[in-house]
Structures are given as structure tokens and as C-alpha cells.
Amino acid sequence: IVDRIDDNKDGYLTTEELKNWIKRVQKRYIYENMAKVWKDYDLNKDNKIAWEEYKQATYGYYLEEFQDATDQHSFKKMLPRDERRFKTADLDGDLAATREEFTAFLHPEEFEHMKNIVVLETLEDIDKNEDGFVDQDEYIADMFANEEGGPEPDWVITEREQFSDFRDLNKDGKMDKEEIQHWILPQDYDHALAEARHLVYESDVDKDQKLTKEEVLDNWNMFVGSQATNYGEDLTRNHDE
């Protein structure tokens, strides 16, 4: 894997090479994930997944009969939500997803034209009073339920400060859709670059801003817990990149 990451074959891994590799691994993962479930949904084997096929495969049992009120409630919520996401992913509007469109449906956070759906779904999940905004209490409730009723832990207090200082940009006490997008899909943050920098910083013993194979192997634990090896999974299987 180290040899494959080393694009220019100079014996060193740079931050740029690591960043490009991590992006590649991430992309491969989402397409593999799509390929894994494709046959479960493409019931008529026409190499497209129609909305009706997806609906039948996912909700068929529930369409015929509901088990109880709880099932009915979650079904009624999930089906229109899935349909809305499917139609947004279906760029040509023929209600049948190609492999690329179905990948966008499964992994909307990876596609530019799906960003609004990611923001909308996040808002709907957290906005309990359904006023179209996420206030500080809703933001905290998504991470922490104070069932004991005692004092909040320090990390929750820190998160409240994060909300005021960095999430609520216009300081009106709540997050609108634009602020939610800034939070969950920040434009100025590249997670692959951040991870690459972290790997170099933690493993670069001689501080020359690049890694030798020895430096990587000496800190193998860091790489096994990283996306660079798909969290260790790529060490246990053979595949050609």
C-alpha cells in the first residue's frame, strides 16, 4: 500500500500523495457499497433501478400491511423522504436510477447536486419543534440526552459554546439551512487533507514533512486506524487499484 500511495516513486509519501490516496479509497468505498446492493434492487435486471423497484424491495412488506402504529409512523416518514432523495438523485427525471444516480442516492454527501437534501434531512432529524431551525437545545439533544437531570458534563458545555461561537453565524440563537450546511458540509475543510496532515505529523520522525516506508511501518497502528487503509480492511484482502 505504501508503494501504491507513493505516486512519483521517489520513496517518500508526501501530504499531497496521502490526500489523493485517501480520496481514492473513499471513492472506491462508496462505489463498492453501491455495487454490493445493486442486485438487491435491480429486480428486472435492466441495469437501472426504478423508483418502483426500490420502493418494492425496501417497503414491499409494509406496503401490504403495517405491523403496529410505530412501524406505520416510521414508514410514513421514511417513504416520502426516500422518494424525495431518489428524485433529486435522478438527474434525467425518468424515475429510474443509473449506477451513478443510485450512488448519489446512497451517498448524497459526496455529490454537489445532493447537498440541499443532506441539509434538509439533517434539519428534519434535529428540529424537534418543527419551526424550520435548529436551536441550541435541539443541537445538544442530538448528541446528549440529560436523563439524570443533573449538571451537564463539561464537553456539553463546550458544545454549547461551539454553537454560539461557530455554528450560529448570524447570532440569532438558531441555525438556518445555510448555517447547517456550513456545519455539516463546510466548504473550507477538506477531510482528506486534514487526515493526511495528521498522519504525516504523527509519523514523521525526522520532521522533513514526508514519510519513508520505515516511518509508516514504525507507526503502523496509526495507519490501520485511518482511511488510508480503509481502517485496516485493505490489509486483509487482495485487490488491484
Side-chain angles (χ1 to χ4, degrees), residues 15 18-19 22-23 25-26 29-30 33 68-71 73-78 81-82 84-85 106-111 114-205 218-235:
T15 303
L18 272 164
K19 178 193 81 172
I22 289 166
K23 286 194 165 167
V25 170
Q26 171 66 9
Y29 164 75
I30 69 167
N33 181 241
D68 58 33
T70 315
D71 274 351
H73 176 70
S74 60
F75 160 79
K76 277 187 164 171
K77 203 172 163 188
M78 290 304 293
R81 184 166 156 149
D82 268 357
R84 181 180 65 193
R85 190 198 276 198
L106 292 179
H107 297 276
E109 68 288 344
E110 299 293 330
F111 291 81
M114 299 295 289
K115 280 186 175 173
N116 287 345
I117 282 289
V118 178
V119 170
L120 196 53
E121 289 181 4
T122 304
L123 174 63
E124 288 169 351
D125 285 341
I126 304 177
D127 175 25
K128 297 305 180 203
N129 65 7
E130 298 182 353
D131 66 349
F133 298 94
V134 171
D135 61 37
Q136 192 183 97
D137 286 336
E138 288 169 333
Y139 172 76
I140 295 299
D142 185 52
M143 298 178 266
F144 174 72
N146 196 353
E147 286 157 6
E148 310 288 312
E152 289 182 338
D154 287 348
W155 71 266
V156 173
I157 294 162
T158 304
E159 277 299 337
R160 285 192 182 278
E161 288 166 7
Q162 284 280 324
F163 183 92
S164 303
D165 295 343
F166 302 110
R167 307 277 178 250
D168 176 19
L169 299 172
N170 63 5
K171 308 301 176 204
D172 65 351
K174 55 196 178 185
M175 279 196 282
D176 56 26
K177 285 182 188 167
E178 205 174 300
E179 288 165 328
I180 290 169
Q181 178 163 332
H182 193 271
W183 166 40
I184 56 171
L185 301 166
Q187 293 298 299
D188 50 359
Y189 180 76
D190 182 336
H191 74 89
L193 178 60
E195 185 159 2
R197 282 178 175 156
H198 176 62
L199 289 169
V200 171
Y201 178 80
E202 293 292 342
S203 310
D204 182 18
V205 177
D218 285 347
N219 202 11
W220 63 269
N221 212 14
M222 175 73 63
F223 285 81
V224 171
S226 130
Q227 217 171 349
T229 62
N230 198 10
Y231 307 103
E233 208 176 292
D234 288 353
L235 303 174

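Along the sequence shown, residues carry numbers from 1. Given the structure is predicted, the values throughout are model-derived calculations rather than measurements.
Annotation for Gln136 and Ser164: closest pair NE2-OG, 3.3 Å, computed over non-hydrogen atoms. When all heavy atoms are compared, the tightest approach of Asn219 to Ser203 is ND2-OG, 3.0 Å. Considering every non-hydrogen atom in both Gly173 and Phe163, the closest pair reads O-CE2, 3.9 Å. Closest heavy-atom contact between Trp155 and Met143: CH2-O, 3.9 Å. Contact record, Lys177 with Val119: O-CG1, 3.5 Å, taken as the closest heavy-atom pair. Between Ala228 and Val25, the closest heavy-atom pair is O-CG2, 4.1 Å.
Counting heavy atoms from C-beta on, the side chains of Asp218 and Val205 never come closer than 4.5 Å. Residues Asn129 and Asp127 are in side-chain contact: their nearest non-hydrogen atoms beyond the backbone lie under 4.5 Å apart. Two residues are said to be in side-chain contact when any heavy atoms from C-beta on lie closer than 4.5 Å; Arg167 and Val134 fail this criterion. At a threshold of 4.5 Å between non-hydrogen side-chain atoms, the residues Gln162 and Trp183 do not count as touching.
A donor-acceptor pair is defined here as one N or O able to donate and one able to accept, closer than 3.5 Å; no such pair exists between the side chain of Glu138 and the backbone of Lys174. Judged by distance alone, the side chain of Lys23 and the main-chain N or O of Leu18 form no donor-acceptor pair under 3.5 Å. In this structure, the side chain of Asn230 does not engage the main chain of Glu233 through any donor-acceptor pair within 3.5 Å. Checked by atom type and distance alone, the side chain of Asp168 pairs as donor or acceptor with a backbone atom of Asp172 at under 3.5 Å. One N or O on the side chain of Glu179 and one on the backbone of Leu169 form a donor-acceptor pair closer than 3.5 Å. Side-chain atoms of Glu195 never come within 3.5 Å of backbone atoms of Ile22 as a donor-acceptor pair (strictly under, hydrogens ignored).
Ion pairing between Asp137 and Lys128 fails under the 4.0 Å rule for side-chain N and carboxylate O. At a threshold of 4.0 Å, the pair Asp125-Arg81 counts as salt-bridged, since one of the basic side-chain nitrogens sits closer than that to a carboxylate oxygen.
Other residues, nucleotides and ligands contribute more than 12 heavy atoms inside 6.0 Å of the CZ atom of Arg160. Within 6.0 Å of CD in Glu178 there are 12 or fewer heavy atoms belonging to other residues, nucleotides or ligands. For CG of Asp131, the number of neighbouring non-hydrogen atoms (other residues, nucleotides, ligands) closer than 6.0 Å is greater than 12. Atom OH of Tyr201 sits in a sparse spot, with 12 or fewer heavy atoms from other residues, nucleotides or ligands closer than 6.0 Å.
A distance of 10.5 Å separates CH2 of Trp220 from OG1 of Thr229, quoted to the nearest 0.5 Å. Taking CD of Glu121 as the start and CD1 of Ile180 as the end, the distance is 12.5 Å to the nearest 0.5 Å. The CD atom of Gln181 sits 6.5 Å away from atom CG of Asn116, with the distance rounded to the nearest 0.5 Å. Between the NZ atom in Lys115 and the CD atom in Glu109 there is a gap of 11.0 Å [rounded to 0.5 Å]. In this structure, CD1 on Ile30 lies 4.5 Å from CD on Glu110, to the nearest 0.5 angstrom. If you take CG on Leu193 and OG1 on Thr15, they are separated by 7.5 Å, rounding to the nearest 0.5 Å.
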Test side-chain contact (heavy atoms from CB on, under 4.5 Å) on Met114 and His107; report intermediate values, then the result.
CA-CA 9 Å; Met114 299 295 289; His107 297 276; over 6 Å; no

Passes side-chain contact (heavy atoms from CB on, under 4.5 Å), His182 versus Met175? Steps please.
CA-CA 10 Å; His182 193 271; Met175 279 196 282; over 6 Å; no

